[in-house]
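Convention: sequence-line order gives letters A, B, ...; per-chain numbering from 1. Bear in mind the structure is a predicted one, so any value in this text is a computation, not a measurement.
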Amino acid sequence: MDLDHDVHAGPSADLEKRVAAFLDEHDPATMDRLDFLRAQFDAGLAWVWFPEGLGGLGLPQQLQGIVDEAMSRAGAPTNRPETNGIGLGMAAPTILAFGTDEQKQRFLRPLWTGEEIWCQLFSEPGAGSDLANVATRAVRDGDGWVVNGQKVWTSGAHNARLAILVARTDPDVPKHAGLTYFLCDMTDPGVEIRPLRQITGEAEFNEVFLTDVRIPDTQRLGAEGQGWKVANQTLNNERVSIGRAAVRETGVVGVLARTWRERPELRTSDLHDRVLRLWVDNEVFRVTGQRLRQKLAQGQPGPEGSAMKLTFARIAQEATGLELELLGEDGLRYEDGQGWTMVRPDRVDFAGRDAGYRYLRAKGNSIEGGTSEIMRNVVAERVLGLPGEHRVDKDRPWKETAR
Amino acid sequence: MDLDHDVHAGPSADLEKRVAAFLDEHDPATMDRLDFLRAQFDAGLAWVWFPEGLGGLGLPQQLQGIVDEAMSRAGAPTNRPETNGIGLGMAAPTILAFGTDEQKQRFLRPLWTGEEIWCQLFSEPGAGSDLANVATRAVRDGDGWVVNGQKVWTSGAHNARLAILVARTDPDVPKHAGLTYFLCDMTDPGVEIRPLRQITGEAEFNEVFLTDVRIPDTQRLGAEGQGWKVANQTLNNERVSIGRAAVRETGVVGVLARTWRERPELRTSDLHDRVLRLWVDNEVFRVTGQRLRQKLAQGQPGPEGSAMKLTFARIAQEATGLELELLGEDGLRYEDGQGWTMVRPDRVDFAGRDAGYRYLRAKGNSIEGGTSEIMRNVVAERVLGLPGEHRVDKDRPWKETAR
Amino acid sequence: MSQLTQPSNLDLLPTEFEEDARTTVRALLAERCEPSAVTAMYDGDRAIVAPLWRTLAQELGLAGLLVPEAHGGAGATVREAAAVAEELGRGAAPVPFLTSAVVATTALLGADTEAGAELLGALAAGERTAALVVPFSTAPDDALAPLDLTDGAVSGTVTSVAGAVEADVLLVLVDTGSGIALAMVEAGAASVQPVVSLDMSRQIADVVLDGAAATIVHAGGEPAVRRALLTGAAVLASEQAGVARWCLEETLAYLKVRTQFGRVVGGFQAIKHRLADLYAEVESAGAAAVYAAATVAADDPDQHVATAVAQSFCSDIAVHAAEEAVQLHGGIGMTWEHPAHLYLKRAKADQIALGTPGAHRARLAELVDLPAESA
Amino acid sequence: MSQLTQPSNLDLLPTEFEEDARTTVRALLAERCEPSAVTAMYDGDRAIVAPLWRTLAQELGLAGLLVPEAHGGAGATVREAAAVAEELGRGAAPVPFLTSAVVATTALLGADTEAGAELLGALAAGERTAALVVPFSTAPDDALAPLDLTDGAVSGTVTSVAGAVEADVLLVLVDTGSGIALAMVEAGAASVQPVVSLDMSRQIADVVLDGAAATIVHAGGEPAVRRALLTGAAVLASEQAGVARWCLEETLAYLKVRTQFGRVVGGFQAIKHRLADLYAEVESAGAAAVYAAATVAADDPDQHVATAVAQSFCSDIAVHAAEEAVQLHGGIGMTWEHPAHLYLKRAKADQIALGTPGAHRARLAELVDLPAESA
């Protein structure tokens with residue numbers, strides 16, 4: 001038996017040298033921000049696990065930390081990932097997996113640098129959890145497509161240059177077979193964006209109305225009719241990207257712990273054990289995520305991420321609910337300046353603003369990106385191998401099953 | 001608007017007089033126990049809500065308390081209901097609802113007096129929750145039936161004189177349509193009873209093997225093929241009969257509360273709020289049961305009882321689990337004299353013996369008499385009106401669907 | 001070891017009067033309490049409140065429900081008030097029934113002054129609306145903080161007061177030197193500063209008094225205030241049961257028609273089981289609440305236990321029901337347009353109101369002799 | 001406010017050595033640890049224990065896993081011991097690995113005497129089996145109760161000791177006047193009184209010493225005992241994760257074949273969702289346990305936090321998994337014949353062992369500065 005661990009000593013030392021060399025040649029203090037980011041991409045230091053020529057070096061994903069740390073130490077600019085979560089977390093891996101060479105060359109670089117922000121046109125009022133039921137139609141028209149329909153729950157639509165879009169191209173086949181995946185230009189005049197106000201009073205999301213929107217066939221991602229498969233690649237990435245916490249006491253549990261420490265007058269014995277349980281759950285969530293990331297370091301994200309998403313939502317909801325009880329009288333007040341005013345935020349911080357906001361916003365954690373009910377189905381069927389639900393709509397043409 | 005309540009002043013005063021008169025004529029101090037009970041039955045004071053001539057007076061069920069209190073004050077013998085729960089709680093109302101006049105006359109009196117103890121032959125290894133799937137066969141033979149099969153989870157079979165039995169009389173029709181309900185003589189030589197040991201080490205239940213057991217057609221209850229309907233009457237009674245608690249701090253929560261009070265050295269802050277929550281849950285369960293009994297005082301038990309059963313099991317399991325944590329070191333010990341020795345108890349006390357026993361025994365509360373999963377289906381479908389489960393076996397002959 | 005109170009075998013079924021009141025209120029709210037109008041309160045539009053309350057208070061006579069007939073009221077009991085509160089909870093109605101007709105009115109019931117009796121009459125007639133000036137989070141047994149009274153003028157600040165925004169007269173706790181008394185202050189003489197609230201359908205306010213003229217209406221203030229808070233807590237449990245009931249019923253109705261994957265969502269077994277569990281909880285909450293109201297109505301010795309039990313239980317069930325309603329409506333339950341959020345915010349604020357569940361359990365620990373760990 | 005320890009970025013994936021050990025133990029248990037033989041222990045038939053432990057201890061070398069190579073052991077770390085414990089938990093194996101090879105052995109590791117070093121060698125070889133004489137419910141930071149040592153003879157009683165039944169040598173905490181020392185007592189010199197136990201596959205015993213000859217093997221007893229208990233608690237978390245994993249896997253396997261209502265039970269959505277939640281819990285328990293073992297193996301500053309977290313979490317998950325296994329097997333899970341009850345009893349006893357979850361959270365409250373309410 002062998003007690004040694006494999007520590008990837010070789011590649012990580014090489015990478016450290018490569019970053020140092022890059023920083024020697026590109027001084028973040030003097031260089032234009034965008035020029036720096038483009039150079040970082042071209043040097044393969046954007047996402048090292050991507051292929052060479054597309055911002056990467058074909059290395060294990062976990063080595064990215066070496067680059068990020070060195071860049072941070074050197075005071076390099078970031079690509080502001082918080083403003084382009086859908087682009088980086090969902091569009092990019094999907095384009096990498098299914099895109100043509102031209103598509104990869106065209107889209108990945110401005111995506112990574114943040115020059116082009118992305119949004120997601122998947123959900124519809126009649127196709128929530130049942131994504132394969134989308135009714136938005138894309139009809140062939142010469143060398144392109146004409147798209148009509150309504151999408152919902154689109155975050156950042158008003159800031160986005162491009163969108164990943166799932167539309168129905170063939171209503172005469174069963175619903176999963178008639179979908180196609182597109183990259184849609186949000187500046188098309190047929191795209192109308194309306195804010196969708198949510199229970200926090202804000203409009204973090206939008207409804208998007210598509211009226212005769214034209215998409216060139218070169219912006220079809222994957223084959224015609226392959227949209228369901230491509231969309232699943234996107235969704236798996238979404239599920240895994242949620243819940244990355246490398247440090248202790250992150251998120252709403254961290255806020256709760258700080259409140260507990262800083263306001264001893266609020267502490268009650270009935271809440272103490274609940275606070276500790278949540279702290280434990282949050283810490284176990286962190287460790288579980290760490291182990292999952294180590295497992296997946298070289299592979300594709302799988303359905304295990306769905307279990308993490310479930311846990312994340314549960315912890316967030318319990319912690320924020322408890323926090324309001326802890327605050328007592330202060331929990332009745334919702335007055336951090338913004339109150340219930342309708343705004344359209346550019347980003348969302350689950351741990352931000354006041355306790356009432358956090359409580360309400362956390363309700364979305366078990367809905368957005370796949371409801372907890374759907375996540376449990378995914379885990380049960382794809383991880384545990386239990387039978388799928390009885391389906392009446394699977395083999396019949398979509399147009400016969402649609403509402 | 002009328003602020004007066006209906007207090008049944010008339011019937012209750014009459015009944016009090018009637019009981020007093022009965023006690024004047026029958027002195028429990030001098031009379032033979034069985035003679036007293038038979039006389040009580042014949043006077044209609046056994047179960048006042050039963051019809052006259054069958055041990056009752058056709059009064060509201062809630063008035064029974066008046067009789068029971070007066071009898072108890074007078075030191076009258078009881079019919080030892082704890083030894084004949086299935087007879088009193090399940091067989092009797094079913095015989096009342098579906099029996100012929102002859103059957104009611106023959107069976108109800110010795111049932112109520114305890115001269116004849118009853119057990120239940122419903123469950124089978126292959127038909128647990130799916131009662132309608134029973135495979136035990138009853139075949140017509142002259143003026144009677146010949147029964148073959150295996151039953152399980154029969155409590156008190158070794159003490160029982162009679163059994164309520166569900167058997168398949170027609171395998172060629174869908175499963176719910178091919179069942180018939182019988183009253184089976186447990187002294188038939190074809191009845192073999194084997195103790196079924198359970199996780200507490202005891203054998204509270206039995207397996208019962210039926211080999212060419214003969215049942216006269218006069219002991220068929222309800223029509224041939226009507227067994228499913230009759231059995232459901234029985235099961236509804238079972239579900240409601242569980243969870244009658246008129247006083248505070250009953251059952252395992254009562255035990256837990258006493259332990260908490262009597263052993264202050266065991267108390268920890270993490271358990272305190274959990275103890276209080278269980279106390280609250282138990283008290284709310286009591287009040288909910290009280291209200292449900294008031295609602296049902298004159299009517300038939302309905303599926304609402306299934307919700308009570310769910311709650312009962314949850315509370316019992318949480319409280320006994322917590323008690324072992326509270327006991328700490330003592331919770332590791334299982335030594336109240338009986339230990340793991342295999343015995344065949346005549347009765348079961350969920351709140352009896354030591355904490356480990358209570359913990360293990362409580363696991364059965366969510367299985368026996370319909371699992372909690374089945375109870376949730378019953379509530380969802382019959383109370384809330386939600387759709388039934390997708391069934392592949394409902395309209396096909398039983399013999400084609402059986403394993 | 002203290003003697004435990006034993007439960008009373010009260011009739012828990014609704015009286016005809018209760019059923020009538022329930023039906024009337026429900027019908028009125030269906031017509032006059034549109035969710036969109038309640039939602040508008042979050043953007044500052046309170047137009048729905050005054051006319052709705054006027055109708056309920058005066059035309060239906062709910063303002064005087066708990067006031068004896070001798071003072072012009074209906075002489076009903078807390079049972080009937082609880083039935084009304086359940087319907088108001090079911091409708092997320094933004095009216096000061098709990099704060100004025102229950103809490104403030106109960107505080108005044110034994111008023112030993114002419115001014116107090118007069119005010120009671122005005123409350124019963126629905127001509128005036130009152131609020132008891134304590135933080136809405138105050139539990140029935142919490143420490144009370146009376147304000148300073150000097151030469152008939154009261155000064156001090158009380159934060160997070162419910163019902164103050166709607167009230168034209170405030171009942172203030174003042175320190176008389178020999179205890180707490182209840183004094184009335186005209187709302188116009190106080191600075192009532194509305195606070196952006198988690199539940200804008202019962203918006204709280206900070207009340208600032210700076211030498212406001214005050215008339216003592218009840219010298220025996222502390223027992224009156226305790227009784228008012230206990231009654232309020234018992235009635236609030238019914239409001240919470242009503243909130244929970246709406247959430248269950250609305251979710252059921254939605255899930256019986258909403259389809260996903262070609263099936264009615266309410267037919268998926270995992271959903272069915274959650275709704276079955278929720279049904280059990282909601283039924284239990286209703287029973288706990290009616291028992292609490294019945295004990296308070298009867299001034300039964302079990303009323304403190306019953307109210308603590310009901311508040312501990314119903315607070316959490318209402319929140320759970322509202323959370324399930326949001327979740328099981330899927331995305332639509334997260335939108336501003338859907339009324340689910342009104343119930344979520346009401347339920348969460350109600351959980352804190354008149355004592356958190358934990359505070360009620362701490363009280364129960366004393367009442368039923370289940371003390372915390374021995375130090 | 002104290003400084004919080006920060007988590008360490010340790011590799012949590014199994015080493016090849018761990019995988020090998022796991023595979024070997026699993027294969028052996030499949031062959032040699034029949035559930036019916038473990039069940040027989042509840043009726044007093046302990047025939048399975050000695051030969052199974054001999055094979056594991058000597059042939060597989062597990063007795064010496066944590067003993068340095070210089071003393072004849074394998075020189076492995078707590079990581080590897082945890083992997084073995086997980087498999088033993090998965091098999092409900094009734095062997096004194098945790099009590100002898102982990103807890104007692106760890107207590108001896110720094111033994112500063114020749115007798116101690118000699119015993120360590122005998123333990124490593126699997127020739128002797130030891131038990132640390134403390135109640136099995138003792139948490140790593142609990143108060144310790146050393147026995148009286150007079151003229152080389154020790155007297156006193158220690159209740160509910162795990163591993164004593166299987167041990168031929170007992171490690172006793174004695175009061176030397178200047179602190180706690182660890183002394184060895186031959187099992188034959190003590191009265192070891194087996195107790196009917198909730199978990200008969202790890203039966204506890206009361207140890208009564210009445211002037212038994214004792215040899216001090218480790219003068220610095222308290223730190224050694226604390227280290228042993230901490231290590232035991234960390235390794236127990238892996239045992240619990242193993243128990244939970246068996247429960248999930250066995251239940252899954254059963255529900256994939258058991259039919260009711262003409263359908264495979266594992267296809268009913270409510271069951272699927274519960275199993276999905278259980279999967280998330282079991283995976284999390286595995287991660288928490290391996291992180292705890294890794295920090296203890298590395299003597300990492302985070303080990304106290306990591307172990308308290310793992311014990312708090314894994315204790316409850318193992319119980320929950322076992323409870324779900326019994327429930328989801330329906331009636332058959334309630335029978336003596338089905339092995340589910342072995343896991344239920346093991347899980348429930350393990351929950352109490354080496355500190356209840358609440359005790360570990362109370363410790364955590366100090367470690368991460370989340371104190372109880374200020375008095």
Side-chain angles (χ1 to χ4, degrees), chain B residues 123 125-130 132-133 152-153 175 196-203 205 268-271 274 317 321 324-336 338-342 355-356 359-360 363-364 366-368 371-373 376-377 389-394 396 401-403, chain D residues 41-44 135-138 159-160 162 195-200 202-204 206 258-263 265 267-271 274 315 319 323 326-338 340-342 344-345 348-349 351-353 355-359 361-362 365 372-373:
Chain B
S123 292
S129 291
D130 187 7
N133 198 35
V152 74
W153 299 115
K175 64 184 191 178
L196 177 62
R197 198 172 181 187
Q198 70 205 59
I199 64 177
T200 55
E202 299 186 338
F205 299 96
T268 63
S269 63
D270 69 295
L271 296 179
R274 285 169 65 196
Q317 292 172 354
L324 284 172
E325 285 184 71
L326 173 64
L327 290 173
E329 184 192 330
D330 287 351
L332 297 171
R333 304 167 79 102
Y334 193 91
E335 46 172 6
D336 65 346
Q338 181 176 324
W340 299 108
T341 313
M342 152 80 182
Y359 173 71
L360 296 172
K363 296 284 162 274
S366 53
I367 297 175
E368 58 202 340
T371 67
S372 287
E373 291 72 33
R376 290 191 187 95
N377 274 353
E389 290 300 298
H390 168 67
R391 297 289 291 269
V392 296
D393 60 349
K394 218 163 176 172
R396 291 164 56 203
T401 67
R403 299 160 310 145
Chain D
M41 297 176 75
Y42 284 81
D43 288 322
F136 194 36
S137 51
T138 309
T159 51
S160 309
V195 170
V196 182
S197 306
L198 178 62
D199 175 15
M200 289 294 280
R202 180 145 58 209
Q203 188 173 14
I204 54 175
D206 294 341
R258 169 77 170 175
T259 59
Q260 294 270 278
F261 306 104
R263 289 169 56 186
V265 176
F268 284 97
Q269 198 193 39
I271 306 296
R274 277 163 68 172
S315 291
V319 169
E323 291 178 342
V326 169
Q327 177 67 23
L328 295 177
H329 274 79
I332 194 164
M334 282 295 289
T335 63
W336 193 253
E337 280 66 37
H338 193 277
H341 71 104
L342 301 175
L344 181 65
K345 291 161 185 172
K348 197 67 193 173
Q351 188 185 38
I352 296 167
T356 61
R361 283 193 295 274
E373 65 183 311

Colleague: Examine whether an atom of Ile332(D) lies under 4.5 Å from a heavy atom of chain B, and if so say whether it belongs to the side chain, the backbone or both; otherwise answer neither.
Modeller: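 Looking at Ile332(D), just its backbone touches chain B.
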Colleague: Between Gly339(B), Ser269(B), Gly328(B), Gly356(B), who has the most heavy-atom pairs with chain D when the cutoff is under 4.5 Å?
Modeller: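 Among the listed options, the one with the most contacts to chain D is Gly328(B).
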Colleague: How close do Arg274(D) and Arg376(B) get, counting heavy atoms only, and between which atoms?
Modeller: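 Smallest heavy-atom distance, with atoms named: NH1-NH1, 3.8 Å.
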Colleague: Are side-chain heavy atoms of His338(D) and Ile199(B) found at a separation under 4.5 Å?
Modeller: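 The answer is no; the side chains never approach within 4.5 Å.
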Colleague: Which bit of Gln351(D) is near chain B, if near means a heavy-atom gap under 4.5 Å: side chain, backbone, both or neither?
Modeller: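 The answer is the side chain of Gln351(D).
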Colleague: Are the side chains of Trp153(B) and Met334(D) in touch, meaning some heavy atoms are under 4.5 Å apart?
Modeller: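 Result yes, sub-4.5 Å side-chain heavy-atom pair found.
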Colleague: Taking side chain as C-beta onward, heavy atoms only, is Gln327(D) less than 4.5 Å from Thr371(B)?
Modeller: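 Yes. Closest side-chain heavy atoms under 4.5 Å.
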Colleague: Name the member of Leu360(B), Leu327(B), Val152(B), Thr341(B) that forms the most heavy-atom pairs with chain D at distances under 4.5 Å.
Modeller: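 Among Leu360(B), Leu327(B), Val152(B), Thr341(B), the one with the most close pairs to chain D is Leu360(B).
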Colleague: Is Asp206(D) close to Arg333(B) at the side-chain level, that is, under 4.5 Å between some pair of heavy atoms?
Modeller: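 Arg333(B) reaches Asp206(D) side chain to side chain.
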Colleague: Parallel, tilted or perpendicular: which fits the ring planes of Trp336(D) and Trp340(B), with parallel below 30° and perpendicular above 60°?
Modeller: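 Taking Trp340(B) first and then Trp336(D), their aromatic rings sit tilted (interplane angle of 30° to 60°).
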Colleague: Set out, in order, the CA-CA distance, both residues' side-chain angles and the distance that settles side-chain contact (heavy atoms from CB on, under 4.5 Å) for Leu328(D) and Glu373(B), then state yes or no.
Modeller: CA-CA 9 Å; Leu328(D) 295 177; Glu373(B) 291 72 33; 4.3 Å; yes
Colleague: For Arg202(D), is it the side chain, the backbone, both, or neither that has a heavy atom closer than 4.5 Å to a heavy atom of chain B?
Modeller: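 No part of Arg202(D) comes within 4.5 Å of chain B.
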Colleague: What residue in Leu344(D), Ile204(D), Leu342(D) has the most heavy-atom pairs under 4.5 Å with chain B?
Modeller: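 Sorted descending by pairs with chain B, the first entry is Leu344(D).
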Colleague: Is Ala349(D) close to chain B through its backbone or its side chain, or both, or neither, when contacts mean heavy atoms under 4.5 Å?
Modeller: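 Both backbone and side chain.
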Colleague: Give a yes or no on whether a salt bridge exists between Arg263(D) and Asp130(B), defined as a side-chain N under 4.0 angstrom from a carboxylate O.
Modeller: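 Salt bridge: no.
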Colleague: Is it the side chain or the backbone of Arg396(B) that comes within 4.5 Å of chain D heavy atoms, both, or neither?
Modeller: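 Neither the backbone nor the side chain of Arg396(B) comes within 4.5 Å of chain D.
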Colleague: If you count heavy-atom pairs under 4.5 Å with chain B, which of Gly262(D), Ser160(D), Gly358(D) comes out on top?
Modeller: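 With the most close heavy-atom pairs to chain B, the winner is Ser160(D).
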Colleague: State which residues pass ring pair (Phe, Tyr, Trp, His ring centres under 6.0 Å) with Tyr359(B); sequence neighbours excluded, sorted by chain then number.
Modeller: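 If we apply the ring pair (Phe, Tyr, Trp, His ring centres under 6.0 Å) test to Tyr359(B), skipping adjacent residues, there are no hits.
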Colleague: Salt bridge between Arg197(B) and Glu337(D), side-chain N to carboxylate O under 4.0 Å?
Modeller: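 A salt bridge is absent here (no side-chain N lies under 4.0 Å from a carboxylate O).
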Colleague: Checking Phe261(D) against His390(B) for the side-chain contact (heavy atoms from CB on, under 4.5 Å) test, could you report, in this order, the C-alpha distance in whole Å, the side-chain angles of both residues, the deciding distance, and whether it holds?
Modeller: CA-CA 9 Å; Phe261(D) 306 104; His390(B) 168 67; over 6 Å; no
Colleague: Answer with side chain, backbone, both or neither: which region of Ser129(B) has an atom nearer than 4.5 Å to a non-hydrogen atom of chain D?
Modeller: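 Contact with chain D is through both the backbone and side chain of Ser129(B).
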Colleague: Is it the side chain or the backbone of Leu196(B) that comes within 4.5 Å of chain D heavy atoms, both, or neither?
Modeller: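 When you check distances to chain D, only side chain atoms of Leu196(B) fall under 4.5 Å.
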Colleague: Need one label for Ser197(D): side chain, backbone, both or neither, based on atoms under 4.5 Å from any heavy atom in chain B.
Modeller: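 Interface part for Ser197(D): both.
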Colleague: So which of Ile352(D), Thr356(D), Asp199(D) has the largest heavy-atom pair count under 4.5 angstrom toward chain B?
Modeller: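 Most heavy-atom pairs under 4.5 Å with chain B: Ile352(D).
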Colleague: What are the two closest non-hydrogen atoms of Gln260(D) and Ala127(B), and how far apart are they?
Modeller: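 Shortest heavy-atom separation between Gln260(D) and Ala127(B) comes out as NE2-CA, 4.5 Å.
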Colleague: Using a cut-off of under 4.5 Å for heavy-atom pairs, which of Thr335(D), Val196(D), Asp43(D) has the most such pairs with chain B?
Modeller: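 Heavy-atom pair counts peak at Val196(D).
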Colleague: Is any side-chain heavy atom of Tyr334(B) closer than 4.5 Å to one of Gln203(D)?
Modeller: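 Of all side-chain heavy-atom pairs linking Tyr334(B) with Gln203(D), none is under 4.5 Å.
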Colleague: Look at Ala132(B), Ser372(B), Gly321(B) and state which one has the largest set of heavy-atom pairs under 4.5 Å with chain D.
Modeller: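 Most pairs with chain D among the choices: Gly321(B).
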Colleague: Please determine whether side-chain hydrogen bond (donor to acceptor under 3.5 Å, both in side chains) holds for the pair Glu329(B) and Thr159(D), giving the CA-CA distance in whole Å, both sets of side-chain angles, and the decisive distance to 0.1 Å.
Modeller: CA-CA 9 Å; Glu329(B) 184 192 330; Thr159(D) 51; 2.5 Å; yes
